[in-house]
Amino acid sequence: MIMNTLHRIITFCIALLIFQKAQAQKALKTEYMVEPIGLDSSQPRFTWQMNSDLQGAAQSAYRLRVATDSTAFGGQGKLIWDSQKQAGDRQLIIYLGEELQPFTSYYWTVEVWNQEGKSLGQSRLASFETGMMDEENWQGAWIGDNESRDTKTAPYFRREFGISKEIQSARAYIAVGGLYELTINGQRIGNHRLDPAYTRFDRRLLYVTHDITESLTQGQNALGVLLGNGWYNHQSTAVWNFHNAPWRNRPTFSMDLHIRYKDGSREVISTGKDWKTSLSPVVFNSIYTAEHYDARLEQQGWDRPHFEDKEWKGVIFRSAPAEKIVAQVMPPIRYNETIEAQSISQLNDSTFVFDIGRNISGVSEFTISGERGTLFRLKHGERLAPDGSVDLSNIDVHYRPTDDSDPFQTDIFILSGKGEEQFAARFNYKGFQYVEVTADRPVKLSKDHLKAYFMYSDVPQVGEISSSNATLDAIWWATNNSYLANLFGYPTDCPQREKNGWTGDAHIAVETGLYSYEGIKIYEKWMDDHRDEQQPNGVLPSIIPTSGWGYEWGNGPDWTSTICLIPWNVYLFYGDQRILEENYEAMQRYVDHITEISPEGLTTWGLGDWVPVKSKSPVEYTSSAYYLVDARILAHTAQLLGDRENAERYDILAQKIQQAINDKYLDEERAIYGSGYQTELSVALQWDIVPEHLRSKLAQNLADRVEQDDYHLDVGLLGTKAILNALSENGHAEVAYRVAAQETYPSWGWWIVNGATTLYENWRIDSENDISMNHIMFGEIGAWIYKALGGIKPDPAQPGFKNILLQPHFAGDLDHFEASHEGPYGRIHSQWERAANGQIHFEVVIPANSTASLRLPGTLSLPSAQESGISSKMDKDGSTVYSLPSGEYSWTLGQ
């Protein structure tokens, strides 16, 4: 006891001394997570930022140390890795020390030296903790309740055990085929929702680690587990045939509790035959449709000690759903925002409609007192019918119910009659703004009876914009709402009608997501899903994960180029090659397959410019453009990874594809592609297909075409990725801004002025088809705002914003604009204001240990009295490029 207390005092003092000496480093993360537990990586990545706002601040060297004992940094214990002082400015370091052991806590610090060679001191102590590390370290059996996969009611599981010693720490490691809620002594563990994340369950399963130290007590303890179906046992029927998934089965789980006692001993409590099971009040649950709960079936105290479980059954052993069981290391799904109902309307004496004021993904929580057996139906939808009822006709079109027992997006709640009762779906989420509550008898409700929770993977926000144009700001906000509403451990297309990981939607929106949110861990997990789903010949399905649907329809390079585009964009934003290394072989197999079926350099494989306004570009043109992009990414990746032979091979392939596209679709005399549609011209510029000598003329033709269309969009999914960038990056930022800020049909602003709080699936808000009201597929505009108006872009030559390509456009009627992005090196900020005399006040923040290459639009230049350290050079196009060291800058332009 005395030794434990002394150890804690020493640890605290050392940490305090380190903290007081210097706070030279901040944002210390392991595997891009703060103090993570349950890691499986044998070579975790460490990242940090210099905590300095001095101009020119840069790291010249670093020293990283790792130990299993926090006192080791004060000379009291052994280090397991000491990088020694290493010259360099890297702030992403891979662990290269002794082999990491499972179930072990590790501590680390980093010392850095500045540009003058002066040590800035050690960072605070950071920590991480390993998990299983290997499937062989599991002790728990896989257990189930011996019901068939068609049984509707969710199963309970419980076990009691005693503890007689003082606990030092305790962890629960739980792997599930399906979804789960874990309770200990009647208290829910953690604030995660819908764990574990969806994967290809027969190939890879995720386990979750919980710190349960404070949940256990000396004496008797009770473990409770409630299992849900999730995507593992999909009982609802829809066009994607998830009910026929090859892995489908009754939910099952395995769990190990590792308890470390203060006397140094350890104990593992595992799943086995000493568990018991019963059916729960969750009488139906579907991740796709809804959840039904009968409170009359509740068993009070079922997950507490001393519960009488004589009527409960024994469990059965089950086989593990997959051989590969790995740690879930990414931001979890949570209730991230609570939204109160804004209004309520009464349709009759038993039906009320709640409006929460905005479209979200998540669940509603209904609180009521009433007579036993009263049945409530809670129907969730995005819009109202003319009579004020909830209208599902825009989102239930792909549902194929076999009967009326599973109504779409409609929870069913039956009261127990025991006072105030509360219901929120545990194993489901929906897309909705309105909730129609119907009772089977007359009731009285107020808007206080219902609230909603906005759910999504809780990725930290790293970007923000603000401007003097309220519509533009609302577009950005709505774009982020749709991005988050479609982030549930993998990127989806919509949170209601499908919940599918459509590849095309995801790669269109990847930059939008990365500018505003720290999404690297979600994307790394999703690329694992890609490799799980890829066929030996390289083919990928159009939705990932999938139970088999999508290999024959909807895929092709315009969609499944995610295998190249996602890793490449993550690399650009984080400067981390690991995602390229892990997916390099899969990228090769994919591109090689397209080459095999498209020997002449053009491919017709794909969906094309999905949901266009009116003009549809040829599929061969757009798909071949993405084939070209993939080949180029692969050539760059091969070069980065030292594979010179393949770098040359794929570079030659890219040249062949580009030539084939230009031979067929480019009219050099007129400088147009194809029919000269917005998408055709934009794609040629965005993806660098057009020969350099025709670029300016082609860009002018695009601007002229947009002007002919009265500065409105005439593009579909692929065109939206290209058009704004193609304009603003080729001399026509004013035209791009007019399109982006447009408020009449067809435009993003048209949705906003008609009440949208998310992005839609169709430009026509009165369309009879393809009219989900929460889709991310037109979401590139969110990234464009950062890139064009803020001018913040990663530099492929120095990725991870090591060098920032800073090229703002002071466009349109904006009097004020600002954008910030928290990159790997720190906060990047770009802000400008337009004075009455036309001058621009421009402010920039470049984080420590990074630089920026600034290009100003038009004839603007920096004032002649420049800050120390700034240099300039003339680019090949005649423009001036200013090299900025880190620091804060403020200029008045156009004096």
Side-chain angles (χ1 to χ4, degrees), residues 465-469 472 476 511 515 682 685-686 688 692 695-704 706-707 711 722-742 780-781 783-795 801 803-821 828-846 851-864 866-867 870-884 889-895:
I465 70 100
S466 176
S467 80
S468 57
N469 185 316
L472 190 71
W476 177 79
E511 289 180 271
Y515 270 112
S682 299
L685 291 164
Q686 165 79 3
D688 198 22
E692 192 59 35
R695 176 174 290 276
S696 178
K697 187 175 180 181
L698 186 77
Q700 183 61 58
N701 285 339
L702 173 60
D704 292 343
V706 171
E707 182 180 5
Y711 300 97
I723 187 168
L724 298 180
N725 300 311
L727 288 165
S728 60
E729 293 174 5
N730 291 281
H732 300 280
E734 290 291 337
V735 176
Y737 175 77
R738 288 189 66 175
V739 173
Q742 185 63 256
E780 165 62 14
I781 189 171
W784 174 84
I785 294 172
Y786 288 96
K787 289 186 285 186
L789 302 179
I792 300 171
K793 293 184 285 188
D795 183 350
F801 296 97
N803 184 62
I804 303 146
L805 299 181
L806 191 59
Q807 190 173 2
H809 295 287
F810 312 129
D813 57 358
L814 293 176
D815 296 324
H816 165 82
F817 179 84
E818 60 181 300
S820 63
H821 172 71
I828 306 160
H829 187 72
S830 172
Q831 176 177 332
W832 49 271
E833 293 186 17
R834 195 189 312 272
N837 63 1
Q839 292 181 336
I840 300 291
H841 183 67
F842 183 38
E843 297 181 1
V844 172
V845 176
I846 308 300
T851 57
S853 299
L854 170 65
R855 293 173 184 262
L856 293 172
T859 59
L860 292 175
S861 62
L862 292 184
S864 56
Q866 296 180 12
E867 290 89 342
I870 296 179
S871 61
S872 64
K873 65 178 181 179
M874 192 74 71
D875 200 9
K876 60 183 180 181
D877 63 0
S879 63
T880 300
V881 180
Y882 300 93
S883 295
L884 311 180
Y889 302 91
S890 179
W891 302 288
T892 298
L893 308 177
Q895 299 185 81

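Owing to the predicted nature of the structure, the values given are computational and were not obtained by experimental measurement.
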Practice task
Hey, can you tell me if His821 and Phe801 have their rings parallel, tilted or perpendicular (30° and 60° cut-offs)?
Solution key: tilted

Practice task
Would you please name every residue forming a side-chain hydrogen bond (donor to acceptor under 3.5 Å, both in side chains) with Asn701, sequence neighbours left out?
Solution key: none

Handout entry: Whether Glu734 side chain and Gly812 backbone form a donor-acceptor pair below 3.5 Å
Key = yes

Practice task
Might you point out which heavy atoms bring His841 and Ser890 nearest each other, and give the distance in Å?
Solution key: CE1-OG, 2.9 Å

Exercise for the section: Please name all residues satisfying side-chain hydrogen bond (donor to acceptor under 3.5 Å, both in side chains) with Gln831, sequence neighbours left out, ordered by chain then number. Expected result: His829

Problem - Side-chain H-bond candidate by donor/acceptor type, Asp877 with Ser879, under 3.5 Å - result: yes

Problem - Criterion side-chain contact (heavy atoms from CB on, under 4.5 Å) on Leu856 and Phe842, from CA distance to verdict - result: CA-CA 10 Å; Leu856 293 172; Phe842 183 38; 4.1 Å; yes

Problem - Results of side chain to side chain contact (heavy atoms under 4.5 Å, CB included) for Asp815 - residues two or more places apart only - result: Ser468

Practice task
Drop me the distance from Leu860's CG to Gln839's CD, to the nearest 0.5 angstrom.
Solution key: 10.5 Å

Exercise for the section: Quick one: list whatever passes ring-ring contact (aromatic ring centres under 6.0 Å, His included) with Tyr711, sequence neighbours left out. Expected result: none

Completion exercise
Sorted by chain and residue number, the ring-ring contact (aromatic ring centres under 6.0 Å, His included) partners of Tyr737 (sequence neighbours excluded) come out as none

Practice task
Could you list the residues that satisfy side-chain hydrogen bond (donor to acceptor under 3.5 Å, both in side chains) with Ser853, not counting sequence neighbours?
Solution key: Asn803

Practice task
Please round to the nearest 0.5 Å and tell me the distance separating atom CG of Leu727 and atom CD of Gln686.
Solution key: 10.5 Å

Practice task
Could you tell me the separation between the CG atom of Asp795 and the CG atom of Leu806, rounded to the nearest 0.5 Å?
Solution key: 12.0 Å

Practice task
Would you indicate whether the side-chain heavy atoms of Leu854 and Leu862 approach each other to under 4.5 Å?
Solution key: yes

Problem - Inter- and intrachain pairs under salt bridge (Lys or Arg N to Asp or Glu O under 4.0 Å), touching residues 828-842, at least two apart - result: none

Problem - Spatial distance of atom OG (Ser467) from atom NE2 (His816) [nearest 0.5 Å] - result: 7.5 Å

Exercise for the section: Specify the closest pair of heavy atoms between Leu884 and Trp891, including all atoms of both residues, with the distance to one decimal. Expected result: CD1-CH2, 3.9 Å

Handout entry: Set of side chain to side chain contact (heavy atoms under 4.5 Å, CB included) partners for Thr880, sequence neighbours left out
Key = Ser872, Met874, Tyr882

Handout entry: side-chain hydrogen bond (donor to acceptor under 3.5 Å, both in side chains) partners of Glu707, counting only residues at least two apart
Key = none

Problem - From Lys787 atom NZ to Ile785 atom CD1, the distance as rounded to the nearest 0.5 Å - result: 11.0 Å

Practice task
Could you walk me through whether Tyr515 and Ile465 pass side-chain contact (heavy atoms from CB on, under 4.5 Å), step by step?
Solution key: CA-CA 10 Å; Tyr515 270 112; Ile465 70 100; over 6 Å; no

Completion exercise
By side chain to side chain contact (heavy atoms under 4.5 Å, CB included), Ala699 pairs with (sequence neighbours left out) Leu685, Asn730, His732

Problem - Criterion side-chain contact (heavy atoms from CB on, under 4.5 Å) on Arg738 and Val706, from CA distance to verdict - result: CA-CA 10 Å; Arg738 288 189 66 175; Val706 171; over 6 Å; no

Problem - Distance (rounded to the nearest 0.5 Å) between Ile781 CD1 and Leu724 CG - result: 5.5 Å

Problem - side chain to side chain contact (heavy atoms under 4.5 Å, CB included) against Ser728, all qualifying residues, sequence neighbours excluded - result: Ala733, Ala736, Trp784, Ala788, His809

Practice task
Assess whether side-chain contact (heavy atoms from CB on, under 4.5 Å) is satisfied between Lys793 and Glu729, documenting all intermediate values.
Solution key: CA-CA 12 Å; Lys793 293 184 285 188; Glu729 293 174 5; 3.9 Å; yes

Fill in the blank from the handout: For Thr892 and Pro863 the tightest heavy-atom approach is O-CG, 3.7 Å

Practice task
Verify, without hydrogens or angle tests, whether Ser830 (side chain) and Gly790 (backbone) share a donor-acceptor contact under 3.5 angstrom.
Solution key: yes

Fill in the blank from the handout: Sorted by chain and number, sequence neighbours left out, salt bridge (Lys or Arg N to Asp or Glu O under 4.0 Å) with Asp875 holds for Arg855

Exercise for the section: For Trp832 and Leu789, indicate whether the former's side chain and the latter's backbone hold a donor-acceptor pair under 3.5 Å. Expected result: yes

Exercise for the section: Determine the minimum heavy-atom distance between Leu893 and Ser861, stating which atoms define it. Expected result: CD2-O, 3.6 Å

